[in-house]
Protein chains: 2
Amino acid sequence: MGTIAGTSVDTDVVVLLARASGAALRTANAALEPLGLRARHYAALTIAAESGGVAQRQIGALLGLDPSAVVTLVDDLEGRGLVQRLPDPDDRRARLVTATADGIRLLERAGDVAREVRQAALGALSPAERETFVALLRRVVG
Amino acid sequence: MGTIAGTSVDTDVVVLLARASGAALRTANAALEPLGLRARHYAALTIAAESGGVAQRQIGALLGLDPSAVVTLVDDLEGRGLVQRLPDPDDRRARLVTATADGIRLLERAGDVAREVRQAALGALSPAERETFVALLRRVVG
DNA sequence: TATTGTTATACTCTATAACTATA
DNA sequence: TATAGTTATAGAGTATAACAATA
C-alpha cells in the first residue's frame with residue numbers, strides 16, 4: 001500500500017487519480033468561467049457540435065454521466081441557446097441534441113482556452129510523455 | 001479538441017481523468033464498504049498509521065482535501081475509535097492524528113481489498129504499463 | 001501577521017427511484 | 001419487457017468565510 005519516507009507518501013492510485021481529476025477540473029472550470037461554461041458543458045457542447053446530433057444517452061456514456069445529470073446539463077445549454085433538442089426520426093423516444101449557430105460560435109472562442117487547460121493539466125510532462133499518458137489513460141477508462 | 005469517428009470520441013484529458021477517477025472511487029468505495037470505510041477514510045488511516053502521527057494540515061495536503069474536509073474525515077475516524085487526536089508538543093495549535101490499535105487492525109484486514117482495488121483500477125494495463133502510468137500520474141499531480 | 005483547527009453554510013455532484021412515452 | 005428521457009430527492013463532496021488559539 002505504500003510507506004512514508006520523509007514527507008512524501010507512496011500514495012494510492014485512487015488518491016492520485018482523484019487529485020489529478022480535481023485539479024484538472026478546477027483549472028478547466030476557472031478558465032472557462034469567463035465564457036459562462038463549465039468543463040462539463042464544454043465537453044457536451046463539443047460532442048453535440050462534432051456529431052451533428054446525439055442522443056442524450058450517448059452524451060452520458062461518453063462523459064460518464066448519469067442520464068438524469070445529462071438532462072440538467074442539456075437544459076442549461078438549451079436555456080442559453082447553445083443547443084437544441086430535435087426529434088429523432090428513427091426513434092421517437094430519443095431527442096437529438098444539436099449545437100446551434102451560437103453554440104458553434106462559442107466553441108470556436110473556447111478553443112484557445114481548452115488548449116491552455118490541456119497544457120496546464122499535463123504541464124509537468126514532455127510532449128512524448130503526454131501522448132503516452134493519454135493513451136494509457138484512455139485504456140484505463142476503457 | 002477532437003473529432004468524432006463512429007461512436008468513439010477523442011475525448012478531452014479533463015474528461016478522461018474525471019471518468020477514471022470516478023470509476024476508481026466507486027470501485028474502491030464499494031470494495032471497502034463491508035469494512036465500513038470509504039476510500040478517503042482508508043487513505044487517511046493509512047497515512048496516520050504509517051507516519052505515527054500527522055498534523056491534519058498534512059493529511060489535507062497529501063490527499064488534496066480542504067482543511068475543513070479533513071476535520072469531518074478525522075471526526076469520522078475518531079468516532080469509530082480508529083484514530084486519536086493527540087497534542088503536538090512542538091506546536092500547540094496542531095493535533096497529531098495517530099492510528100489506534102483498532103485502526104491498525106482494520107488496516108491489516110483492508111490490505112487485500114486495497115490490492116484488488118488497485119488491480120481493478122488499472123486492470124486494462126500490463127504490469128509494465130501500470131508502472132509507467134503511475135509514475136507519469138504522480139508527476140502530473142506534482 | 002500568519003497559521004492550525006474548527007464551525008457554519010452554500011453549492012455542486014452523484015445516485016436512485018418512479019414515472020411517461022415509446023420500442 | 002426494455003429503453004430514452006424526465007422529475008424529485010437524498011446523499012456525498014467541495015469551497016468559502018469567519019473565528020479562537022497559537023506561532
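These values consider heavy atoms only, across backbone and side chains, with no hydrogens, waters or symmetry-generated copies. A, B, ... follow the sequence lines: proteins, then strands. Residue 1 opens every chain.
- When rounded to the nearest whole Å, the span between CZ of A:Arg93 and P of C:dT22 equals 10 Å.
- In this structure the side chain of A:Leu63 reaches within 4.5 angstrom of the side chain of B:Val15, judged on heavy atoms.
- At the phosphate of D:dG5, neither OP1 nor OP2 sits under 4.0 Å from any side-chain N or O atom of A:Arg85.
- On a pure distance criterion of 3.5 Å, a polar donor-acceptor pair joins the side chain of A:Arg57 and the base of D:dG5.
- The residue A:Arg92 sits close only to the backbone: its heavy atoms come under 4.0 Å of sugar-phosphate atoms, none of a base.
- Close to D:dT6, at under 4.0 Å from its OP1 or OP2, lies a side-chain N or O of A:Arg95.
- Between the P atom of D:dG11 and the CZ atom of B:Arg40 lies a distance of 17 Å, rounded to the nearest Å.
- The nearest heavy atom of DNA chain D to B:Arg38 and to A:Pro67 marks one nucleotide each, and the one closer to the 5' end goes with A:Pro67.
- The side chain of B:Leu65 lies closest to D:dT14, out of C:dT3, D:dT14, C:dG5.
- Of the two residues near DNA chain C, A:Asp90 and A:Gly64, the one whose nearest nucleotide lies more 5' is A:Gly64.
- Between the side chain of A:Arg130 and the backbone N or O of A:Leu122, at least one donor-acceptor pair lies under 3.5 Å.
- Checking A:Ala94 against B:Asp66, the closest nucleotide of DNA chain D that is more toward the 5' end is the one next to A:Ala94.
- Backbone-only engagement by B:Asp91 is indicated by non-hydrogen atom pairs under 4.0 Å involving sugar-phosphate atoms exclusively.
- In this model, the phosphate group of D:dA4 is not approached by any side-chain N or O of A:Gln58 to a distance below 4.0 Å at OP1 or OP2.
- Atom P of nucleotide C:dG5 and atom CG of B:Leu96 are separated by 9 Å, given to the nearest angstrom.
- No donor-acceptor pair closer than 3.5 Å links the side chain of B:Ser21 to the backbone N or O of B:Leu17.
- A straight line from CD1 of A:Ile59 to P of D:dT6 spans 10 Å, rounded to a whole angstrom.
- Checked by distance alone, A:Ser68 brings a side-chain donor or acceptor within 3.5 Å of a matching partner on the base of C:dT16.
- For the 3.5 Å distance criterion, the side chains of A:Glu129 and A:Thr132 fail to qualify, holding no donor opposite an acceptor.
- Computed from coordinates, the B:Asp88 CG to D:dA21 C1' distance equals 14 Å when rounded to whole Å.
- Separating the NE2 atom of A:His41 from the P atom of C:dC13 is a distance of 8 Å, rounded to the nearest angstrom.
- With hydrogens and angles left out, the side-chain atoms of A:Ser68 and A:Asp66 include a donor and acceptor closer than 3.5 Å.
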